[in-house]
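In this chain, numbering begins with 1 at the start of the sequence shown.
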Amino acid sequence: MWALAVKYPTQILRGSVLGTIVGALPGAGADIAAWMSYAMSKKFSKEPEKFGTGHVEGIVESGSANNSALAGAWIPALVFGIPGDSITAIVIGVLYMKNMNPGPTLFTTNPQNIYAVYLLFIIANLIMLPLGYLCIKVAKSILKVPRDVLMPVILLFCVVGAFAINNTGFDVGVMLVAGFVAYMLEANGFPITPLILGVVLGGMLEENLVSSLIKSDGSVLAFFSRPIAATLGAVTFAIWFWPLVKRHLVRRPVPA
């Protein structure tokens, strides 16, 4: 474990920063942070061909993003009362039960309670060190299970989880079809990570886009009316069109 931390310090730092940023976004969660970090790790890796085969570099970076996103989710939960993920959504309910209404006033009216929360964070992380180490030792035995046994068990849990959402067999059918499509795409060299992010973020993006357009009377320029929004928009467009510009520059003939 320590050897990997020494070998991949850049990946750990990069994943931690990205995970904190994504975790601070309401509703994003650790899963999205992990997938985004894994894709970024593959993009900057010197050995991208090893990704998808259990290469530890991608696991280290996505794991760092996953852990830091859990901490980042507390930012909107405590400051604005907006859950960053499912865990902080439960915590917000508990805080209301304890008369600790999340929001800016929590830091001014009940500062002693916030310090108690910080202290619990520290204690929880200290306890997690030996407990996590023991859990890793136990979890390693799962890797020794034959693939022919492990895969059907995973499929069974996927079926149960898909059915439990709405208690309908249709969701199970959608899950099986999506799995088959993902298998065919990966078998033909198409990356699965962007597809998963699109499925997870698509509904959220559409809902917020329609809501924002209604508030702005259909004006797209409202997305660029503030400095921060304009900066984020410019960065987004740069990310979209940079591959096309890069391809054009590569194909451009070098003058003699």
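Residue Leu176 is found in a hydrophobic cluster whose other members, listed by chain and number, are Leu155, Val159, Phe163, Val172, Met175; membership requires side-chain heavy atoms under 4.5 Å apart, directly or through intermediates. Residue Leu209 belongs to a hydrophobic cluster whose other members are Leu213, Val220, Phe223, Phe224, Phe237, Trp240, Phe241, Leu244, with links defined by side-chain heavy atoms closer than 4.5 Å. Within the hydrophobic cluster formed by Ile, Leu, Val, Met, Phe, Trp and Tyr side chains joined at under 4.5 Å, directly or through other members, Phe170 is accompanied by Val174.
At least one side-chain heavy atom of Glu57 sits under 4.5 Å from a side-chain heavy atom of Ser41. No side-chain heavy atom of Val117 sits less than 4.5 Å from a side-chain heavy atom of Asn113. The shortest distance between side-chain heavy atoms of Tyr118 and Ile114 falls below 4.5 Å.
Note that CD of Glu206 is 12.0 Å distant from OG of Ser211, once rounded to the nearest 0.5 Å. Once rounded to the nearest 0.5 Å, the distance linking OG of Ser68 with CG of Leu18 reads 7.5 Å. Distance check: Ser37 OG to Ile59 CD1 gives 12.0 Å after rounding to the nearest 0.5 Å. Taken from OG in Ser62 to CD in Gln11, the straight-line distance is 11.0 Å, to the nearest 0.5 Å. Considering CZ of Arg147 and CD1 of Ile154, their distance stands at 8.5 Å, rounded to 0.5 Å. Between the CG atom of Leu134 and the CG atom of Leu129 there is a distance of 11.0 Å, given to the nearest 0.5 Å.
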May I have the step-by-step check of side-chain contact (heavy atoms from CB on, under 4.5 Å) for Leu221 and Ser225, ending in yes or no?
CA-CA 6 Å; Leu221 296 178; Ser225 59; over 6 Å; no
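Linking ILVMFWY side-chain heavy atoms closer than 4.5 Å, directly or via other members, places Ile122 and Ile127 in two distinct hydrophobic clusters. Met128 and Leu70 fall into different hydrophobic clusters, where Ile, Leu, Val, Met, Phe, Trp and Tyr are joined by side-chain heavy atoms under 4.5 Å apart, directly or via other members. Grouping the Ile, Leu, Val, Met, Phe, Trp and Tyr side chains by contacts below 4.5 angstrom, directly or via other members, places Val79 with Phe121.
Heavy-atom minimum distance, Ala33 versus Gly19: CB-CA, 4.0 Å. Here the closest non-hydrogen pair linking Pro76 and Ala73 is CD-O, 3.4 Å. Closest heavy-atom contact between Thr168 and Asp171: OG1-OD2, 3.3 Å.
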